[in-house]
Q: 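Sending over a structure as structure tokens; questions will come in a sec.
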Protein chains: 2
Amino acid sequence: MTRQERRRQTEERILGAARALFAEVGYERATIRGVAAAAGVDPALVMQYFGAKDELFRRAIHAPGEQPLEIAPERLADLLLEAIRFKLGETDDGSLALFRSMLTHPDAAEHFRTATARQVREFATGIPRPDGELRASLLVAISMGLTIARELLRLEPLQEATPEQIVDLLRPAFQSLSASG
Amino acid sequence: MTRQERRRQTEERILGAARALFAEVGYERATIRGVAAAAGVDPALVMQYFGAKDELFRRAIHAPGEQPLEIAPERLADLLLEAIRFKLGETDDGSLALFRSMLTHPDAAEHFRTATARQVREFATGIPRPDGELRASLLVAISMGLTIARELLRLEPLQEATPEQIVDLLRPAFQSLSASG
DNA sequence: GTCTATAAGCAGATAGAC
DNA sequence: GTCTATCTGCTTATAGAC
């Protein structure tokens, strides 16, 4: 194994530890020292690799690549529900880190706002109505609320329910919001 | 004006400043110094009155008293929508402070969980079904997501819309979730 | 009663030894 | 290349002067 490979490997380990810790306690309470300890490396090494805590966080929340959905109107509700069903229970740490910190860390809030704005515009193309963007925003807000309540706050009834149960109950709500006519 | 009155008045001013600051930046980033500056008093005075930062936060999020709703089944959806319509745009700083910090401050998370559990049980009495608690949880999660998205993250389409517009769009969703049979 | 001064602790970041 | 030691800054909290 070359030096470059080794370096890349430890960098990935640090990034994974950072993602997990940011997801668990948020930006403020997560410390470089804590990340280093979780990754089994020296705190100075983390700084060496990532330069600053901000940069580490930026890298941690950078999702592995969310490909935009092709949206056929009349299908939007089902697509969203399917995405929710898939994500519930196995949301990646990068997304959770972003959710966890977005209310208290300005950079995280900004990142979420721009990512959401793009998603809203995308969804809105599937809702050809004057208030399409508002409807899309509501769909996003509902999905976000659900993830926060279940994965971050761990509200009991939501955590015990299966993704299928939840999706079934939400279907009428999503259909009414994404109805194209 | 007696000493006691004066003291009570400054205490209220500090508490108001604390509520506003906690609501704006969350528990971690809000400092005693910042609260004191906003209230126009000495930082040491804040400590004198409230003892510790935790206690100040505890007092700040203690809502002025939310009376439990009497729930007639078949009316739950309308009651909730009315509550949302009323709250949107004028959510009190105490609630916002709690929302802002609940993802990153363990005490706030715990407070929210217990308050929510009570609310869920309450709503569930209006949904006489085996999955009543799950449905009630979804209603709470949706309301929470909406408040967070609009008041805290300030997502544009949601902030520009009127409460009436939002409530109208959500009505079918709430009715399907709270349908009693 | 109110404020000044300071203690004590922990954070991120840096310089330099090995 | 990796780690030790340290610097600087900020926080809560306290002790004591006025």
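We name chains A, B, ... by the order of the sequence lines, and we start the count at 1 in each one.
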Q: If you measure from CZ on R7(B) to CD on E5(B), what distance do you get to the nearest 0.5 Å?
A: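 Reported to 0.5 Å precision, the distance equals 14.0 Å.
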Q: Please state how far atom OH in Y27(B) lies from atom P in dT11(D), giving the value in whole angstrom units.
A: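 Roughly 14 Å, once rounded to whole Å.
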Q: Is Y49(A) close enough to dG1(D) that one of its side-chain N or O atoms is under 4.0 Å from OP1 or OP2 there?
A: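 Y49(A) to dG1(D) OP1/OP2: no side-chain N or O under 4.0 Å.
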Q: Using whole Å, report how far NZ of K53(A) lies from C1' of dA13(C).
A: 12 Å
Q: Take the protein atom CZ of R13(A) and the nucleotide atom C1' of dT2(D), then report the distance between them rounded to whole Å.
A: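 The distance from CZ of R13(A) to C1' of dT2(D) comes to 13 Å, rounded to the nearest Å.
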Q: Any chance CD of E164(A) has more than 12 other-residue heavy atoms, nucleotides or ligands included, within less than 6.0 Å?
A: yes
Q: In whole Å, I'd like the distance from the CZ atom of R33(A) to the P atom of dT14(C).
A: 14 Å
Q: In terms of side-chain heavy atoms of D54(A), which of dT4(D), dA13(C), dT11(D) is nearest?
A: dA13(C)
Q: How long is the line joining CD of Q48(B) and P of dT2(C), in whole Å?
A: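 For the pair Q48(B) CD and dT2(C) P, the rounded distance is 8 Å.
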Q: Applying a 4.0 Å non-hydrogen cut-off, can you work out what A30(A) is touching in the nucleic acid: base, sugar-phosphate, or nothing?
A: sugar-phosphate
Q: Whole Å only: how far is the CG atom of L56(A) from the P atom of dA13(C)?
A: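 Going from CG in L56(A) over to P in dA13(C) covers 10 Å.
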Q: Should the pair F22(A) and F57(A) be assigned to parallel (<30°), tilted (30 to 60°) or perpendicular (>60°) ring geometry?
A: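 Answer is perpendicular, since the angle exceeds 60°.
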Q: Ion pair present between R118(B) and E122(B), side-chain N to carboxylate O less than 4.0 angstrom?
A: no
Q: Counting heavy atoms from C-beta on, name the nucleotide in dT4(D), dT11(D), dG12(C) closest to the side chain of A44(A).
A: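 Of the candidates, dT4(D) comes closest.
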Q: Report the distance from atom CZ of F50(A) to atom C1' of dG1(D), rounded to the nearest whole Å.
A: 16 Å
Q: Please state how far atom CD1 in I32(A) lies from atom P in dC3(D), giving the value in whole angstrom units.
A: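 Value for this atom pair: 15 Å.
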Q: Return the nearest nucleotide to the side chain of M47(B); candidates are dT14(D), dT2(D), dT4(D).
A: dT14(D)
Q: Would you say the side-chain atoms of R19(A) pair up with the backbone N or O of A60(A), donor to acceptor, closer than 3.5 Å?
A: yes
Q: Which nucleotide, dC3(C), dT4(D), dA13(D), lies nearest any side-chain atom of D42(B)?
A: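 Per side-chain heavy atoms of D42(B), the pick is dC3(C).
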Q: For R7(B), report the nucleic acid contact type (base, sugar-phosphate, nothing); a contact means any heavy atom under 4.0 Å.
A: nothing
